[in-house]
Amino acid sequence: MLAIAILAAGKGTRMKSDLPKVLHSLAGKSLIDRVLSCTQRLNPNRRLIVVGHQANVVKDSLKNYQDLDFVLQQPQNGTGHAIQQLGTQLKGFKGELLVLNGDVPLLKEETLNSLLKFHKKSNASVTFLSASLESPTGYGRVITNESGLVSEIIEERDCTNEQRKNKLINAGIYCFNWQQLSDVLNLLSSKNSQNELYLTDTIKLLKKALHFEVDDPFEVKGINDRYQLSECEQHIQETLKSFWMSKGVSFIDPISCSLSEDSDFGTDVIIEPQTHLRGKCNIGNGCRLGPGSVITNSTLEKNVLAIHSFINEATIGNNTSIGPFAHIRPESSISENSKIGNFVEIKKSFIGEGTKINHLSYVGDSTLGKNINVGAGTITANFDGKNKHRTIIDDYSKTGANSVLVAPIKIGSHVTIGAGSTISKDIPDQSLVVERSKAIIRKKNN
Ligand code: UD1
Ligand code: CA
């Protein structure tokens, strides 16, 4: 049997934030989400989250997980005190308890698997992840004896100057034999510099304590402050960009760009400076993104250009060009060979093949057919103050500059609308329409 407990009750004082530490995010995912995702496939029998500081906010952020049990730690008297709170939930439980710090987000599932295997094989009371760090400041130091067993973990603040030189640190990820742990949990004392009950003090109370050193120390980096948060972000970004470079994506200025882990790229994609991909994006072969574009949860088919534009929850077809300075908003689908140009906003609309909306337009709640030319400054007036209405324009129509289409409205195919018209009734196919007051021209008196 395997139970997993994630410690997420602490305030995270060093973050200097109103947000609980475990809800800060890295490449768009919260720290606690990251910790949870590396336990997904271990098939645990239980997953328990210890919450305390802003418990409801943390709980609320995890409402999409079905299997979690929350345990309240109030007040937060340290990591040992946090684990003491599991007593009721794990009464009678026999097996392993895997304890994860909610603030160690880069951990890999394979590492946890290896830890579990090693722990079971060696029949230890506890095995925890350790790392050798060039700068171990801030971490608990691991003290081993001649036979290789761990005799204790001493927190940095409680170390002597000599002990502080030890570079072997505790990563805060433990696999305990639950029965043996529960026998010693009540023996913890708070005689230390923070007057807290330390989970690390159980090590010296347990029969057989082992550590399992990780190969890549970055994997167990704990986040206590914003600097460490930015170091982890940088690490994720560098890893992602070098991976995609190896798959045929070019970055003109990689440092100024950021990616999400859930984005996927074809080959010969060129990412220009200051371009950011967020959420789940699918970018096809030959796309050229940026400079200055932000693309979120969107699919771009092949050879799409997106210059200085925002594209959010949209699909863009082959060979379409977006921007500069376009804003494509959710639920929009732009078909192939189209052009969405300067200062154009599209919302919740379907744009057919080969249609051009080149300058200064707003198109919302609309369905546009193919090969339409939307003149500069054309606006769909979709909102009557209460409700949104749809605009339909059929194939091969043209709207003149500064047309206003008052929705709900249907413009047929092959229609031409004269510049400056405000159209509020449906227009049949093959019509020419202009709605404009007559110009009055007089000779001036003076
Ligand atoms: C802890 C370890 C340290 C280790 C480091 C690794 C202890 C005493 N020290 O130190 O040996 O090197 O992690 O990153 O465990 N938490 C609670 N309840 C509490 C206090 C903390 O749930 O009462 C949670 C926090 O939300 C956090 C985690 O436990 O997710 C770790 O707490 P933190 O205060 O950051 O411990 P460290 O000082 O980093
Ligand atoms: Ca920490």
Side-chain angles (χ1 to χ4, degrees), residues 4-15 17 19-24 30-36 48-55 57-59 61 70-86 99-107 126 128-133 135-143 150 152-159 163-164 166-174 176 181 185 188-205 209 211 213-214 217-229 231-232:
I4 295 180
I6 298 175
L7 302 183
K11 180 164 183 232
T13 315
R14 291 165 277 183
M15 294 300 281
S17 174
L19 192 68
K21 176 166 69 177
V22 295
L23 295 192
H24 280 260
S30 74
L31 304 187
I32 184 124
D33 258 326
R34 287 180 175 274
V35 176
L36 273 164
L48 302 143
I49 315 284
V50 182
V51 290
H53 175 73
Q54 294 198 46
V57 183
V58 177
K59 255 172 139 167
S61 83
F70 292 93
V71 176
L72 191 64
Q73 182 199 12
Q74 208 66 276
Q76 294 86 45
N77 282 342
T79 49
H81 180 247
I83 296 297
Q84 285 178 348
Q85 313 309 308
L86 303 180
V99 175
L100 307 176
N101 272 1
D103 63 351
V104 181
L106 301 185
L107 193 65
V126 57
F128 60 90
L129 292 183
S130 62
S132 294
L133 298 189
S135 29
T137 312
Y139 292 93
R141 305 298 204 281
V142 179
I143 318 285
V150 179
E152 60 181 321
I153 297 175
I154 308 179
E155 290 309 297
E156 157 117 356
R157 303 170 201 238
D158 303 306
C159 279
Q163 287 166 332
R164 217 164 276 139
N166 179 355
K167 293 184 168 162
L168 189 65
I169 63 98
N170 164 33
I173 317 291
Y174 321 77
F176 289 100
L181 175 65
L185 265 181
L188 293 177
S189 108
S190 56
K191 277 196 206 116
N192 52 51
S193 65
Q194 297 191 85
N195 296 319
E196 286 184 352
L197 299 174
Y198 289 163
L199 181 60
T200 44
D201 282 347
T202 60
I203 301 296
K204 58 174 177 257
L205 300 170
H211 70 100
E213 195 174 329
V214 295
F218 234 104
E219 214 194 303
V220 293
K221 196 170 176 61
I223 292 180
N224 297 315
D225 57 35
R226 307 230 184 202
Y227 187 74
Q228 288 164 331
L229 186 72
E231 285 180 310
C232 283

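Just follow the structure's listing: the first ligand is 1, and inside any ligand the first atom is 1.
Checking T79, I32, N101 against atom 1 (C) of ligand 1, the nearest heavy atom belongs to N101. Among G138, G80, G140, G78, the residue whose heavy atom lies nearest to atom 23 (O) of ligand 1 is G78. Of the options R14, K11, E196, the smallest heavy-atom separation from atom 34 (O) of ligand 1 is shown by R14.
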Could you check S190 against N195 for side-chain hydrogen bond (donor to acceptor under 3.5 Å, both in side chains), going step by step and ending with a plain yes or no?
-> CA-CA 5 Å; S190 56; N195 296 319; 5.4 Å; no
Would Y174 and L100 count as a side chain to side chain contact (heavy atoms under 4.5 Å, CB included) if you check the C-alpha gap in whole Å, the side-chain angles of each, and the deciding distance to 0.1 Å?
-> CA-CA 7 Å; Y174 321 77; L100 307 176; over 6 Å; no
Evaluate the side-chain hydrogen bond (donor to acceptor under 3.5 Å, both in side chains) criterion for residues Q73 and H81: first the C-alpha distance (whole Å), next the side-chain angles of each, then the deciding distance (0.1 Å), finally the verdict.
-> CA-CA 8 Å; Q73 182 199 12; H81 180 247; 2.8 Å; yes
Apply side chain to side chain contact (heavy atoms under 4.5 Å, CB included) to the pair L31 and L23, showing each step before the final yes or no.
-> CA-CA 6 Å; L31 304 187; L23 295 192; over 6 Å; no
List the steps and the verdict of side-chain hydrogen bond (donor to acceptor under 3.5 Å, both in side chains) for E156 and T137.
-> CA-CA 7 Å; E156 157 117 356; T137 312; 4.9 Å; no
Verify side chain to side chain contact (heavy atoms under 4.5 Å, CB included) between V58 and V22, making sure each step is shown before the conclusion.
-> CA-CA 8 Å; V58 177; V22 295; 4.2 Å; yes
Test log, rule side chain to side chain contact (heavy atoms under 4.5 Å, CB included), inputs D201 and I153 = CA-CA 7 Å; D201 282 347; I153 297 175; over 6 Å; no
Check step by step if side-chain hydrogen bond (donor to acceptor under 3.5 Å, both in side chains) holds for S17 and H24.
-> CA-CA 9 Å; S17 174; H24 280 260; 3.0 Å; yes
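Of all atoms in ligand 1, listed by their number and element, those nearer than 4.0 Å to a heavy atom of Q73 are 17 (C), 18 (N), 19 (C), 22 (O), 23 (O). Atoms of ligand 1 lying under 4.0 Å from at least one heavy atom of A8, given by number and element, are 22 (O), 26 (O). The distance from ligand 1 to the heavy atoms of K21 drops below 4.0 Å at these ligand atoms: 35 (O). Distances below 4.0 Å separate heavy atoms of A171 from the following atoms of ligand 1: 6 (C), 14 (O). The contact set between ligand 1 and E155, taken as ligand atoms under 4.0 Å from a residue heavy atom, comprises 2 (C), 3 (C), 7 (C), 8 (C), 9 (N), 10 (O), 11 (O). Taking every heavy atom of N77 and a limit of under 4.0 angstrom, the matching atoms of ligand 1 come to 23 (O).
Using a 4.0 Å heavy-atom cutoff, Q74 is absent from the residues neighbouring ligand 1. Residue contacts with ligand 1: G52 is excluded, as none of its non-hydrogen atoms falls under 4.0 Å. Taking a 4.0 Å cut-off on heavy atoms, H81 fails to register as neighbouring ligand 1. Under the 4.0 angstrom criterion for non-hydrogen atoms, D103 is in contact with ligand 1. Residue contact annotation: K221 has no non-hydrogen atom under 4.0 Å from ligand 1.
For atom 24 (C) of ligand 1, the closest non-hydrogen atom of the protein is L7 CB, 3.6 Å. Protein heavy atom at the shortest distance from atom 39 (O) of ligand 1 is N224 OD1, 3.5 Å. Remark: minimum distance from atom 12 (O) of ligand 1 to any protein heavy atom is reached at N170 O, 2.6 Å. The closest protein non-hydrogen atom to atom 22 (O) of ligand 1 is A9 N, 2.9 Å.
The main-chain N or O of L188 is never found under 3.5 Å from a side-chain atom of Y198 such that the two would form a donor-acceptor pair. Using a distance-only test at 3.5 Å, with no hydrogens or angles considered, a donor-acceptor pair links the side chain of R141 to the main chain of N166. Remark: the backbone N or O of V104 is not paired with any side-chain donor or acceptor of N101 at under 3.5 angstrom. In this structure, the side chain of S130 does not engage the main chain of H211 through any donor-acceptor pair within 3.5 Å. Looking at Q228, its side chain does come within 3.5 Å of a backbone N or O of D225 through a donor-acceptor pair.
Enclosure of atom CZ in R226 by more than 12 non-hydrogen atoms of other residues, nucleotides or ligands within 6.0 angstrom is indicated.
Between G10 and ligand 1, at least one N/O pair is under 3.5 Å apart.
Among residues two or more places apart in sequence or in another chain, the ring-ring contact (aromatic ring centres under 6.0 Å, His included) test is passed with F70 by none.
The protein does not reach atom 36 (O) of ligand 1 closely, with no heavy atom under 4.0 angstrom from it.
For the Ca ion (ligand 2), protein N, O or S atoms closer than 3.0 Å were enumerated as D103 OD2, N224 OD1, with waters left out.
Tested against L229, the residues K21, M15, K221 include a single side chain to side chain contact (heavy atoms under 4.5 Å, CB included) partner, M15.
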